[in-house]
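A short worksheet on the structure shown next.
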Amino acid sequence: MTALIDARSLPDATVLTPDLVIIGGGPAGISLALALANSKLNIVLLESGGMNFDPKVQNMYAGDETGVRYTALDAGRLRFLGGSSNHWGGWCRPMDEIDFEARDWMAHSGWPITRKALEAYYPRAQELVEAGTWMYDKSDATMAAMAPMMPLGAGGVYTSWFQFSKTRDSVLPTYFGHRYEQDLRAARNVTPYTNANVTGIRLAANGRNVDHLDVATLDGKHFTVKPRQVVLACGGMENVRLLLASNDVMPAGVGNQNDLVGRFFADYPTPRDVATLVSFAGGLPAYYGSNTTAPNGVILQAAFAPTPAWRRKAGVPSSLTTVEHAVELDDTGKAAVITTALALGVNASSAQAYALGCGMELAPDPDRRLTLTGEKDALGLPRLKLDMRIADSDFALYRTTLAEFGRQLLASRAGMLRLNFDHRDDWMKTMDWGNHHLGTTRMSSDPKQGVVDADGKVHGVENLHIAGSSVFPTYSASNPTLNLLALTLRLGDHLKKVMA
Ligand SMILES: Cc1cc2nc3c(=O)[nH]c(=O)nc-3n(C[C@H](O)[C@H](O)[C@H](O)COP(=O)(O)OP(=O)(O)OC[C@H]3O[C@@H](n4cnc5c(N)ncnc54)[C@H](O)[C@@H]3O)c2cc1C
C-alpha cells in the first residue's frame with residue numbers, strides 16, 4: 001500500500017519525474033487518480049492541504065471582491081484533501097442535453113461536446129458521489145406511490161428531481177478525501193503528496209509544453225516536478241490563479257493568449273423566498289421540501305424546472321425552483337387565495353402556502369471575472385480578485401419561468417403563485433450563492449473562444465489539461481460535481497490514449 005507522503009518530509013530541492021502529475025486533491029483530482037489507478041502510468045497527486053482544515057493553508061484562498069455581494073473567496077471553498085467536498089451539500093443532478101447546445105438567445109453559449117459524450121461516464125460518477133441507483137427524472141412513479149405529486153398540468157414547467165450524495169446509513173455526503181484515502185493508498189501507481197503547493201507552472205522556452213512545476217511547502221521546502229503530462233484540478237478559482245501567476249514565459253499567463261483565463265466566471269444565484277406557492281389541496285408531500293428516502297434507499301427531492309421545449313420557446317435559461325418551507329399568508333394573501341379559489345371553483349379551505357427558492361443559471365458574461373491583485377499569499381503567489389455581476393435580464397428571464405409555473409398551477413386548478421420580487425434590490429436582499437465556481441477556463445474548439453479544447457487540453461500547450469467545472473462554457477442550473485466528475489472520467493480515458 002502506498003503512503004500518503006507529507007511533502008514537508010522530502011529533502012529540499014527534490015526532483016520528481018512521474019508520467020502524470022495531478023495538481024489538486026479535490027473530487028476531480030482524486031477521481032482522475034482513481035480512474036488511472038493500476039494503469040501503466042506513474043502518477044503523482046499534489047495536494048496543498050493535509051487531511052484536515054488548517055487556517056494557515058486556508059488563508060492562501062483569501063482574496064478580494066468587487067461588484068455584487070458574494071461569498072468570501074476563502075469561505076466558499078476548502079483547501080485540504082477532498083477540497084470543497086469537505087463541506088458540500090451533496091445535491092446531484094445531471095445536466096440536460098440542451099445545456100450543451102449553443103442557443104441563439106444566449107450569447108457565448110454552447111459546448112463543443114454533447115451530453116452523449118458524457119453518457120458512458122455518468123454511472124461511475126454516480127458511484128463516486130454515492131447517490132445510489134440512477135433515478136433523477138424517472139422518479140415520478142416511485143415518489144407518487146409514496147404520496148401523490150402536485151398536479152402541474154401541461155406547460156413549460158415540470159417536476160424534476162435531485163438525488164443526494166448520501167446513503168441510508170450515512171447522513172453526510174461523500175467527503176472525497178476521507179472516503180477515498182484508502183483507495184488512493186491502495187493504488188500502487190499513484191503517489192499522493194499532502195502539504196504540496198504548486199506555485200508555478202513553468203513552460204519550456206517555446207511556450208508549447210510544461211517543462212516543470214514549482215512546488216513549495218509552508219515550512220520553506222521547495223521541490224520540482226518534471227512530468228510528461230499535467231492535469232490542473234484546483235477548482236474553478238484556483239485554476240485561474242495558477243495559470244495567470246505563471247507568467248514567466250507567456251506574459252499574460254499560461255493559456256491566456258486570448259485573454260480568456262478568469263473571464264466568464266459563474267455561480268448559481270440562489271435567492272430565497274422568490275415566490276409564494278399556494279397548494280389548494282393542503283400540505284405538499286415531504287419530498288417537495290426536504291430530502292426523502294425512496295423505498296430503494298435513494299434520497300430524492302423534487303424541484304420545478306423549465307422543460308427543454310419551453311426553454312427553447314421562451315428563450316429562458318435553466319433553473320431549479322425548490323420549496324423552502326411552509327409560510328403563513330398575510331391578510332392580502334389569504335384574500336387572494338379565497339378570490340382565486342372561488343373563481344376556479346375549487347375548495348381551498350385547507351390551502352397551504354410555501355416560500356420558494358431557486359438555483360438559476362446565469363448567462364455567460366466575459367466581464368464577470370477573476371484577476372490577480374498585487375497582494376501575495378504566504379508562498380508569494382498573487383491573490384485573486386473577483387468582479388461579480390448579475391444582469392437584470394438574468395432575473396427577468398427567471399421570472400418568465402415563474403410566471404409560466406403560476407399559469408400552469410391555475411390551469412390545473414391545483415394552486416397559485418405570487419412572485420415576490422420586482423426589482424433588482426429585492427432579489428439582492430435575499431441573494432445567496434451555490435458556491436459552484438464555473439466557466440473560468442471555458443471549453444471551446446476555437447482557441448479564440450476558449451481556454452481548453454474539447455478534450456480539456458489547454459490550447460497551445462501540448463501537455464497541460466484542466467479538470468473541473470472551470471471548463472464549463474455554459475453552466476446549467478444542475479449542481480456541478482456529478483457533471484464535472486463525468487467529464488473528468490472522460491479525461492482519464494483520453495489521457496490513457498494519448499499517454500499510451
Ligand atoms: C458550501 C458548499 C456547498 C456545495 N454544495 C454542492 C452540492 O450540493 N452539489 C454539488 O454538485 N456541488 C456542491 N458544491 C461544489 C463542490 O464542492 C465542487 O463542485 C467540487 O468540490 C469541485 O471539485 P474540484 O476537485 O474541481 O475542486 P475543489 O473541491 O476546489 O478541489 C481543489 C483541490 O485543489 C487543492 N489545491 C488548491 N490549490 C492548490 C495548489 N496550488 N497546489 C496543490 N493543490 C491545490 C485544494 O486544496 C483542493 O483540495 C458545494 C461547494 C461549497 C463550497
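Both counts, for ligands and for their atoms, begin at 1 and track the order of listing. Heavy atoms only: backbone and side chains are in, while hydrogens, waters and symmetry mates are out. Note that the numbering runs from 1 along the sequence shown for the chain. Just so we're clear, the structure is a prediction, and the values are computed from it rather than from any experiment.
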Exercise. Considering only non-hydrogen protein atoms, determine which one is nearest to atom 14 (N) of ligand 1 and report residue, atom name and distance to 0.1 Å.
Key: His436 CD2, 3.4 Å

Self-check item: Proximity of Tyr475 and Phe265 rings by center, below 6.0 Å
Solution: no

Exercise. Could you tell me which atoms of ligand 1, counted from 1 in the order shown, lie closer than 4.0 angstrom to a heavy atom of Gly25?
Key: 33 (C), 34 (O), 49 (O)

Quiz item: Is the shortest distance from a Lys or Arg side-chain nitrogen in Arg202 or Asp214 to a carboxylate oxygen in the other one below 4.0 Å?
Solution: yes

Self-check item: Partners passing salt bridge (charged side-chain N to carboxylate O under 4.0 Å, His left out) against Asp267 (at least two apart in sequence or in another chain)
Solution: none

Quiz item: Does any N/O atom on Gly434 come nearer than 3.5 Å to any N/O atom on ligand 1?
Solution: no

Quiz item: Is there a nitrogen or oxygen of Trp91 sitting under 3.5 Å from a nitrogen or oxygen of ligand 1?
Solution: yes

Practice problem: Using distance alone, determine whether Val198 and ligand 1 share an N or O pair under 3.5 Å. | Solution: yes

Exercise. Would you mind finding which of Tyr61, Tyr193, Phe162 brings a heavy atom closest to atom 37 (C) of ligand 1?
Key: Tyr61

Quiz item: Side chains of Thr66 and Asp387: is there a donor and an acceptor less than 3.5 Å apart?
Solution: no

Quiz prompt | Centroid-centroid distance, Trp91 to Phe162, less than 6.0 Å | solution = yes

Quiz item: Does the pair Lys116/Glu119 count as a salt bridge with the N-to-O cut at 4.0 Å?
Solution: no

Exercise. Say whether Ser84, considering both its backbone and side-chain N or O atoms, lies within less than 3.5 Å of an N or O atom on ligand 1.
Key: yes

Quiz item: Relative to the heavy atoms of Asn479, which atoms of ligand 1 are at a distance of less than 4.0 Å?
Solution: 7 (C), 8 (O), 9 (N), 10 (C), 11 (O)

Quiz item: Considering only heavy atoms of Gly89, which atoms of ligand 1 have at least one such atom less than 4.0 Å away?
Solution: 3 (C), 4 (C), 5 (N), 6 (C), 7 (C), 8 (O)

Quiz item: Do the charged groups of Arg79 and Glu47 touch, with an N to O distance under 4.0 Å?
Solution: no

Quiz item: Hey, would you say the Tyr175 and Trp88 ring centroids sit under 6.0 Å apart?
Solution: no

Practice problem: Compute the minimum heavy-atom distance from Cys92 to ligand 1 and say whether it is under 4.0 Å. | Solution: no

Quiz item: Below 4.5 Å, heavy atoms only, C-beta onward: do Arg69 and Met388 meet side chain to side chain?
Solution: no

Quiz item: What is the closest protein heavy atom to atom 25 (O) of ligand 1, and at what distance does it sit?
Solution: Ala28 N, 2.9 Å

Practice problem: Ignoring angles and geometry beyond distance, decide whether Thr481 reaches within less than 3.5 Å of ligand 1 through its nitrogen or oxygen atoms. | Solution: yes

Self-check item: Sub-4.5 Å side-chain heavy-atom contact between Pro94 and Trp134
Solution: yes

Quiz item: What about Glu47: any of its N or O atoms under 3.5 Å from an N or O on ligand 1?
Solution: yes

Quiz item: Can you find an N/O atom of Pro27 closer than 3.5 Å to an N/O atom of ligand 1?
Solution: yes

Quiz item: Hey, which atoms in ligand 1 end up nearer than 4.0 Å to a heavy atom of Gly76?
Solution: 53 (C)

Quiz item: Which of the numbered atoms in ligand 1 are below 4.0 angstrom from a heavy atom of Gly90?
Solution: 7 (C), 8 (O)

Quiz item: Looking only at N/O atoms, are Ser48 and ligand 1 under 3.5 Å apart anywhere?
Solution: yes

